[in-house]
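Here the structure comes first, spelled out in structure tokens, and everything after it is commentary.
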Amino acid sequence: MGDLVLTGRYSEYKQLLQYLEKYPAIFIAVPGNHDRPLIYFYRYFGSCSKVIDIGKWRFICLNTANKKFSWIQQLMLQKRIRENTVILSHVPPKFGEWEFYSLPHGSTKYFLDALNKNRQNIKSAFFGHLHGYSEQVYESVKMIVTGGCARSKAIYNNRYNEETPLEMIIFDVESGDIKVE
């Protein structure tokens, strides 16, 4: 969910790709603020905003690396949502215990309005940016912040608390199950 590398350098992306090549999996990436400039992200992971259909699942990748979500992005998101949609974005909405480092108020409103209007078709939404693991539910949509590639911390009481082991979130496209490893 973004922040794949620390400073957006070529050498960091090469190191990441060497690591990912070990795993026989499909990796879908969205950029984070640490991945900028985005030239190498584009080269290795394609467009910053994209739609990828795998089996019955539709993954909608949003670009919030600039820490914003506009009304135009809201309209584009709503047009792309269909049954069994999973949303991937970097910066989470200002909601619950994520308020300390999240989208600004207006961007949050646009994002949550889109979720609310389409909640029956959205399985879940995943975010990075906070470098920690946390789950919340908004209008029946499960929202998960992951630790990403950076140092992982627990999120509790609307702030970072302690260092935790790096965890990976696995979405099983066969079953729709989500597990933390």
Side-chain angles (χ1 to χ4, degrees), residues 1-9 12-13 16 27-38 40-41 45 48-50 59-78 81 85-119 122-171 178-181:
M1 297 327 109
D3 289 352
L4 303 177
V5 298
L6 186 60
T7 63
R9 292 185 187 144
E12 293 172 333
Y13 277 100
L16 171 65
F27 293 96
I28 302 171
V30 296
N33 53 304
H34 287 273
D35 300 317
R36 295 162 44 157
L38 296 174
Y40 297 115
F41 181 92
F45 294 99
C48 293
S49 298
K50 53 194 160 230
F59 295 88
I60 301 177
C61 302
L62 306 173
N63 180 5
T64 55
N66 64 356
K67 303 179 188 173
K68 296 178 184 172
F69 184 79
S70 70
W71 65 272
I72 293 172
Q73 286 174 291
Q74 178 192 33
L75 293 176
M76 290 172 41
L77 172 61
Q78 289 182 166
I81 291 173
T85 289
V86 176
I87 298 171
L88 308 174
S89 182
H90 181 60
V91 182
K94 190 177 289 290
F95 181 74
E97 64 183 9
W98 301 340
E99 292 185 6
F100 70 104
Y101 195 40
S102 55
L103 290 172
H105 178 73
S107 293
T108 291
K109 183 180 180 338
Y110 292 136
F111 183 80
L112 293 179
D113 283 352
L115 258 61
N116 186 37
K117 291 175 184 170
N118 298 280
R119 64 184 175 267
I122 301 171
K123 162 76 174 178
S124 53
F126 294 90
F127 310 93
H129 194 55
L130 301 183
H131 303 284
Y133 182 82
S134 178
E135 291 185 20
Q136 297 191 83
V137 176
Y138 177 78
E139 298 293 339
S140 76
V141 176
K142 186 175 192 174
M143 299 191 302
I144 299 172
V145 167
T146 71
C149 295
R151 185 172 58 163
S152 187
K153 295 179 175 278
I155 300 170
Y156 184 70
N157 287 337
N158 206 22
R159 65 175 192 259
Y160 296 128
N161 283 281
E162 61 189 75
E163 291 190 31
T164 59
L166 187 60
E167 299 169 322
M168 182 181 289
I169 307 301
I170 299 174
F171 184 93
I178 300 166
K179 64 181 179 176
V180 180
E181 289 200 8

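This one's a predicted model, so the numbers in the text were calculated from it and none came from an experiment.
Remark: the backbone N or O of K68 is not paired with any side-chain donor or acceptor of S107 at under 3.5 angstrom. A distance-only check finds a donor-acceptor pair linking the side chain of Q73 to the backbone of S70 [under 3.5 Å]. Formation of a donor-acceptor pair under 3.5 Å by the N33 side chain with backbone atoms of A65 is not found in this model. With hydrogens and angles ignored, the 3.5 Å screen pairs no side-chain donor or acceptor of T64 with any backbone N or O of F69.
With rounding to the nearest 0.5 angstrom, the OG atom of S89 is 10.0 Å from the NE2 atom of H129. Atom NE2 of H90 sits about 8.5 Å away from atom CG of L130, to the nearest 0.5 Å. Note that NZ of K94 is 9.5 Å distant from NE2 of H105, once rounded to the nearest 0.5 Å. Expressed to the nearest 0.5 Å, how far NZ of K123 lies from CZ of F59 amounts to 10.5 Å.
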Do F111 and I87 pass the side-chain contact (heavy atoms from CB on, under 4.5 Å) test, and can you show the C-alpha distance, the side-chain angles, and the key distance before you say yes or no? CA-CA 11 Å; F111 183 80; I87 298 171; 4.2 Å; yes
If you apply the rule side-chain contact (heavy atoms from CB on, under 4.5 Å), what do you find for N66 with R36, and how did you get there? CA-CA 9 Å; N66 64 356; R36 295 162 44 157; 3.6 Å; yes
Can you check side-chain contact (heavy atoms from CB on, under 4.5 Å) on I144 and I178, steps first, answer last? CA-CA 10 Å; I144 299 172; I178 300 166; 4.0 Å; yes
Before giving the answer on side-chain contact (heavy atoms from CB on, under 4.5 Å), spell out for L4 and F41 the whole-Å C-alpha distance, their side-chain angles and the decisive distance to 0.1 Å. CA-CA 9 Å; L4 303 177; F41 181 92; 3.7 Å; yes
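The shortest heavy-atom contact between I60 and T85 is CD1-CG2, 3.7 Å. Across all non-hydrogen atoms, the minimal contact from A125 to V141 is N-CG1, 4.4 Å. Nearest heavy atoms, P37 versus T7: CD-O, 4.2 Å. Residues V91 and F127 approach most closely at O-CD2, 3.6 Å, considering heavy atoms. Considering every non-hydrogen atom in both Q74 and A114, the closest pair reads NE2-N, 3.8 Å. Counting all heavy atoms, side chain and backbone alike, C48 lies closest to N63 at CB-ND2, 3.4 Å.
Of the N and O atoms on the side chains of R119 and N116, at least one donor lies less than 3.5 Å from an acceptor on the other residue.
Among the candidates L88, V30, V145, the single residue satisfying the side-chain contact (heavy atoms from CB on, under 4.5 Å) test with F126 is L88.
Using a 4.5 Å heavy-atom cutoff, the side chains of P93 and M143 are in contact. When side chains are defined from C-beta on, L16 counts as touching F45, because their heavy atoms get closer than 4.5 Å. Between Y13 and D35 there is a side-chain heavy-atom pair separated by less than 4.5 Å.
A salt bridge links K109 with D113: the distance from a Lys NZ or Arg NE/NH1/NH2 to an Asp or Glu carboxylate oxygen falls below 4.0 Å.
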